[in-house]
**Q** 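Starting off with a structure, shown below.
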Amino acid sequence: MQGRGAVPQLTDRQLALLEQVLEERTARAQLQVGRLSAEIRDVTLAQRDTPADDEHDPEGSTVSVERERDVALLGSAEHQLSELLAARSRLEAGSLGVCERCGGPVPFERLQARPEVRFCVPCVERLRQTH
């Protein structure tokens with residue numbers, strides 16, 4: 001792993017733990033993206049084979065709502081996966097645990113809970129106040 005020494009507040013053991021957490025969460029997110037994509041594809045294919053008469057079909061609107069829900073969940077899962085992959089890149093570059101706003105350290109406990117975070121707590125609070 002390149003650049004591990006670049007973040008002095010994180011030990012090699014902590015970095016190894018974060019790497020493991022990232023691997024597990026990335027795998028989970030990839031599975032979720034695959035599952036949701038398959039569900040959307042299946043519902044879309046099934047709906048093509050069924051006459052479009054939502055007015056008289058009590059299940060018609062339910063299928064549409066379920067598909068829209070799955071599309072929203074897929075978007076969220078894809079965003080999460082993207083953030084986890086970006087965190088993995090930061091880990092490899094040695095910048096995981098460095099706040100992207102102020103350059104200060106992000107505490108290990110925060111990274112352990114959410115390894116994809118980009119900002120320290122004070123910067124998150126400042127960003128919340130401005131939005």
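The figures here come from the full heavy-atom set of this structure, side chains too, leaving out hydrogens, waters and symmetry mates.
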**Q** Side chains of residues 69-79: which donor-acceptor pairs under 3.5 Å do they make with residues two or more places apart or in other chains?
**A**
none

**Q** How many angstroms lie between CG in L36 and CG in L31, if you round to the nearest 0.5 Å?
**A**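 L36 CG to L31 CG: 11.0 Å, rounded to 0.5 Å.
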**Q** Using the salt bridge (Lys or Arg N to Asp or Glu O under 4.0 Å) criterion, which residues pair with R118? Sequence neighbours excluded.
**A**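 Only E83, E100 meet the salt bridge (Lys or Arg N to Asp or Glu O under 4.0 Å) criterion with R118.
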**Q** Please set out all donor-acceptor pairs under 3.5 angstrom arising from side-chain atoms of residues 119-129, sequence neighbours excluded.
**A**
residue, atom, partner, partner atom, Å
E125, OE2, R128, NH1, 3.2

**Q** Can you name the closest pair of heavy atoms from G97 and L10 and give their distance?
**A**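 Taking every non-hydrogen atom into account, CA-CD1, 4.3 Å.
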**Q** Calculate, to the nearest 0.5 Å, the distance between atoms CZ and CG belonging to R25 and L85 respectively.
**A**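 Spacing of CZ (R25) from CG (L85) equals 14.0 Å.
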**Q** Using the rule that Ile, Leu, Val, Met, Phe, Trp and Tyr join whenever any side-chain heavy atoms are under 4.5 Å apart, tell me whether V33 and L22 fall into a single cluster.
**A**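 V33 does not cluster with L22.
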**Q** Taking only residues two or more places apart in sequence or in another chain, which ones pass salt bridge (Lys or Arg N to Asp or Glu O under 4.0 Å) with R114?
**A**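 Checked R114 against salt bridge (Lys or Arg N to Asp or Glu O under 4.0 Å); matches are E116.
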**Q** Once side-chain hydrogen bond (donor to acceptor under 3.5 Å, both in side chains) is applied, do any residues pair with E68, and if so which ones, sequence neighbours excluded?
**A**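 So E68 forms no side-chain hydrogen bond (donor to acceptor under 3.5 Å, both in side chains) with any residue.
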**Q** Considering residues at least two apart in sequence or located in another chain, which fulfil the salt bridge (Lys or Arg N to Asp or Glu O under 4.0 Å) criterion with R35?
**A**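 Per chain and number, R35 pairs via salt bridge (Lys or Arg N to Asp or Glu O under 4.0 Å) with E39.
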**Q** On a heavy-atom basis, which atom in A29 and which in L84 lie closest, and how many Å separate them?
**A**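 Here A29 and L84 meet closest at CB-CD1, 4.1 Å.
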**Q** Which heavy-atom pair separates I40 from R67 by the least distance, and what is that distance?
**A**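 In this case the closest contact between I40 and R67 is CG2-CG, 4.5 Å.
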**Q** Looking at residues at least two apart in the chain, or sitting in another chain, which of them share a salt bridge (Lys or Arg N to Asp or Glu O under 4.0 Å) with E23?
**A**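 Expected list: R88.
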**Q** Using the side-chain hydrogen bond (donor to acceptor under 3.5 Å, both in side chains) criterion, which residues pair with R110? Sequence neighbours excluded.
**A**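 With neighbours one apart ignored, the set is empty.
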**Q** For E109, which residues count as a side-chain hydrogen bond (donor to acceptor under 3.5 Å, both in side chains) partner, sequence neighbours excluded?
**A**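 If we apply the side-chain hydrogen bond (donor to acceptor under 3.5 Å, both in side chains) test to E109, skipping adjacent residues, there are no hits.
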**Q** Measure the spacing between CZ of R28 and CG of L81 and express it to the nearest 0.5 Å.
**A**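 Rounded to the nearest 0.5 Å, the CZ-CG separation comes to 12.5 Å.
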**Q** For the atom pair CG (L111) and CG (L18), what is the distance rounded to the nearest 0.5 Å?
**A**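 These two atoms lie 5.5 Å from each other.
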**Q** Are F108 and L15 joined in one hydrophobic group, where the rule is that I, L, V, M, F, W and Y side chains link up if heavy atoms are under 4.5 Å apart?
**A**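 Yes: a chain of side-chain contacts under 4.5 Å links F108 to L15.
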**Q** Looking at V98, is its backbone amide N or carbonyl O close enough to the side chain of S95 to form a donor-acceptor pair, meaning the two atoms are under 3.5 Å apart?
**A**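 No: the side chain of S95 does not pair with the backbone of V98.
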**Q** Between E92 (side chain) and S89 (backbone), is there a donor-acceptor pair under 3.5 Å?
**A**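 No: the side chain of E92 does not pair with the backbone of S89.
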